[in-house]
Protein chains: 2
Amino acid sequence: MTSKATSIDIAYKAGVSQSTVSRALRNSPLVNLETRQRIQAIAKELNYKVDKNASNLRMQNSQTLALLICEDPTNDDSMINPFFLSMLGSITRATARQGYDLLVSFQQLSSDWHADYEDSNKADGIILLGYGDYMDYAHKLDKLIEKNTHFVIWGAEHNNKAVLSIGCDNHQGGYIATEHLLGAGRQKIAFLGDASGHSPEFRDRYLGHVAALNAAGIQADKQLQHHAINTEASGYDAAIALLDKGVLFDAIFTGSDLIAIGAMRALKKRGVTVPEQVAVVGYDDIPIASFANPALTTVKQDTQFAGEILVESVLKLIRGQEVSQRLIKTSLVVRNSCGTKADDL
Amino acid sequence: MTSKATSIDIAYKAGVSQSTVSRALRNSPLVNLETRQRIQAIAKELNYKVDKNASNLRMQNSQTLALLICEDPTNDDSMINPFFLSMLGSITRATARQGYDLLVSFQQLSSDWHADYEDSNKADGIILLGYGDYMDYAHKLDKLIEKNTHFVIWGAEHNNKAVLSIGCDNHQGGYIATEHLLGAGRQKIAFLGDASGHSPEFRDRYLGHVAALNAAGIQADKQLQHHAINTEASGYDAAIALLDKGVLFDAIFTGSDLIAIGAMRALKKRGVTVPEQVAVVGYDDIPIASFANPALTTVKQDTQFAGEILVESVLKLIRGQEVSQRLIKTSLVVRNSCGTKADDL
DNA sequence: CTGAAAGCGCTTACAG
DNA sequence: CTGAAAGCGCTTACAG
């Protein structure tokens with residue numbers, strides 16, 4: 001097989017200069033229409049593809065976006081947070097639609113990435129996913145800012161205004177979940193998740209939960225909140241701990257579906273029926289949620305839309321256009337675990 | 001902020017030529033150790049990163065792999081096959097470990113990709129995932145071969161020997177699943193999945209299933225096989241159809257976990273108990289499997305290992321090294337749906 | 001409308 | 001051990 005065709009080969013075949021070939025392939029109106037079409041036909045015939053490296057080098061950009069998914073090292077290495085995976089799908093599609101390529105990397109919080117991608121011209125911009133614990137990565141973001149990197153971060157609004165964040169409205173999500181439970185007649189609603197400031201998303205969900213309680217004239221009870229990280233096992237442990245405390249509750253709202261699944265397992269183990277005795281509402285609407293038993297009512301984040309906005313935003317940043325923080329509304333997916341829908345199994 | 005540093009900036013600062021800088025940064029022993037270290041220090045200080053486009057252009061490679069995940073268009077757009085996602089994770093990691101970047105793309109079977117990545121020098125090699133229906137893509141592979149593209153395909157062994165395929169031993173998987181059911185005393189085992197030649201993976205699983213039956217002196221009963229594609233809904237429909245046929249069965253082996261989950265829903269709906277009346281074994285060990293009720297016994301494919309082999313194989317292809325087909329052994333994950341493990345909920 | 005020429009930032013044979 | 005120079009394959013101002 002002969003080596004790859006270059007624009008010079010085409011120029012030779014078409015009897016024009018290499019510059020004209022380059023213009024024709026970019027469909028420049030400067031080139032005579034007929035010549036242009038002839039050149040394009042030859043290019044197709046020779047199976048020519050513009051060399052991205054040469055083109056990028058010359059144009060000083062890469063038409064590529066980098067997606068850095070940062071997993072919490074506490075999670076099982078083999079199991080990626082399903083929510084991220086859903087985002088990955090929509091980001092990939094949105095990137096392709098904009099004519100960009102997508103470089104994907106899974107990083108540990110601890111590893112050293114900085115602006116590696118953009119500095120080496122491998123990507124024009126970066127999308128950061130899953131930077132759960134604010135404390136741990138704040139200084140890395142500072143470095144990105146300092147170097148003028150184009151990046152968007154998925155998640156809660158940032159106190160550093162130089163950081164562009166796009167995220168779902170966690171406060172609203174916590175609010176509608178709790179509101180729904182209250183509407184179903186539940187009064188003693190427990191919260192399982194991280195309510196400290198370490199995980200801004202979880203904290204906002206908790207605050208929304210509290211706000212809904214207050215709106216109904218109910219005071220949040222410190223006894224009804226228990227810490228849990230985003231794993232099934234942690235949800236199980238937290239529910240058991242809650243049960244062991246001896247406080248009464250008729251519902252649980254959790255910071256994530258994984259926690260909810262774990263909590264339901266604990267309830268079942270202890271002979272507590274869901275939703276009859278305790279209603280459960282999760283967060284994320286991961287695939288597992290609909291297959292849980294009973295099927296889990298949960299707060300859904302529109303990953304399709306979120307991916308699009310994320311991509312659109314970095315691209316705007318790259319083009320030097322105006323962009324601003326953005327909060328995406330969540331919606332409640334009502335299934336059986338909250339007791340307000342007939343069991344349809 | 002000043003613009004990006006180049007090797008010339010470093011050369012100036014270090015008082016050497018640009019060539020020496022380039023050599024020093026690549027850690028060439030040709031450069032005096034002391035000079036080398038001085039240059040590297042300056043590079044670090046200036047936050048210098050080699051421009052990938054320039055470097056790749058010059059070296060005529062890209063240090064990048066492309067991963068093309070091809071989804072079956074029949075699937076829900078928002079839901080990517082969880083098995084692929086698991087592979088994606090391990091491929092990403094394996095690629096990074098080898099010092100390569102990973103370009104990811106989700107493609108529809110119908111879309112036109114060919115060797116776009118390699119032709120444009122965006123990637124040195126391609127990994128193809130999920131090319132389920134052989135009939136539909138065979139001609140595309142021919143094009144890749146014709147163009148001398150470096151690619152590996154995940155899945156069943158290919159009849160075109162020019163195609164390098166890496167996959168799990170589906171025949172063996174079907175065999176051990178069925179063997180296990182037989183060992184648990186089941187005699188009338190149904191198979192739900194695509195047993196036609198359109199999906200080589202499913203077909204091999206089916207053939208392994210039949211082989212295990214035969215080894216036990218049992219003839220496969222045509223009545224006990226029902227077509228299903230890889231979705232929960234299709235599994236549900238297939239199980240209902242099987243039930244409606246009126247044939248008796250005491251176990252179901254399915255081509256995938258998704259099908260199994262759907263089948264279990266159908267059984268539950270019709271009042272058939274799992275595993276007491278009908279044992280169920282799935283395939284893939286997707287996360288949902290362990291959360292199903294009862295937890296699903298299934299054939300696990302080692303995605304961690306598979307990802308590594310896949311990456312290693314394309315890399316060998318790129319380097320012109322010898323590579324060969326490879327079949328990875330599967331293992332059975334025994335849970336509750338097959339009736340041989342105590343319910344530990 | 002077209003061509004000759006410069007240059008993007010590297011790597012590496014060649015010469016010393 | 002080091003430097004001057006060529007060249008990877010493009011894009012685009014400049015000149016006509």
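So that the names make sense, note that chain A is the first sequence line, chain B the second, and so on, each numbered from 1. Source: prediction; values computed, not measured.
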Proximal nucleotide (of D:dT2, C:dC1, C:dG3) relative to the A:Arg23 side chain
C:dG3
What heavy-atom pair brings A:Asp302 and A:Cys168 nearest, and what distance separates the two atoms?
N-SG, 4.4 Å
A:Ile10 CD1 - D:dC10 C1' separation (whole Å)
12 Å
Determine which nucleotide pairs with D:dA15, using a 3.5 Å limit on both distances of a Watson-Crick or G-U wobble pair.
C:dT2
5' priority, DNA chain C, between A:Pro29 and A:Gln18 [closest heavy atom]:
A:Pro29
Closest to side chain of B:Leu57, choosing from D:dC10, C:dT12, D:dC8:
D:dC8
For B:Ser22 and C:dC10, is the shortest distance between a side-chain N/O and OP1 or OP2 below 4.0 Å?
no
With a cut-off of less than 4.0 Å, is there a side-chain N or O of B:Arg36 near OP1 or OP2 of D:dC1?
no
Comparing B:Asn53 and B:Ser19 on DNA chain C - which has the more 5′ nearest nucleotide
B:Asn53
Can A:Gln18 and A:Ser7 be counted as having a side-chain donor-acceptor contact under 3.5 angstrom?
yes
Over how many whole Å does the gap from A:Arg38 atom CZ to C:dT2 atom P extend?
9 Å
State whether B:Ser7 places a side-chain N or O below 4.0 Å from either non-bridging phosphate oxygen (OP1 or OP2) of C:dC10.
yes
Provide, to the nearest angstrom, the distance between the OH atom belonging to B:Tyr12 and the P atom belonging to C:dG9.
18 Å
For the side chain of B:Arg26, starting at C-beta, report the closest nucleotide among C:dC10, C:dT12, D:dC10.
C:dT12
Pick from B:Asn53, B:Asn121, B:Asn56: which one makes a side chain to side chain donor-acceptor pair (under 3.5 Å) with A:Asp51?
B:Asn121
D:dC10 phosphate, OP1 or OP2: any side-chain N/O from A:Ser55 under 4.0 angstrom?
no
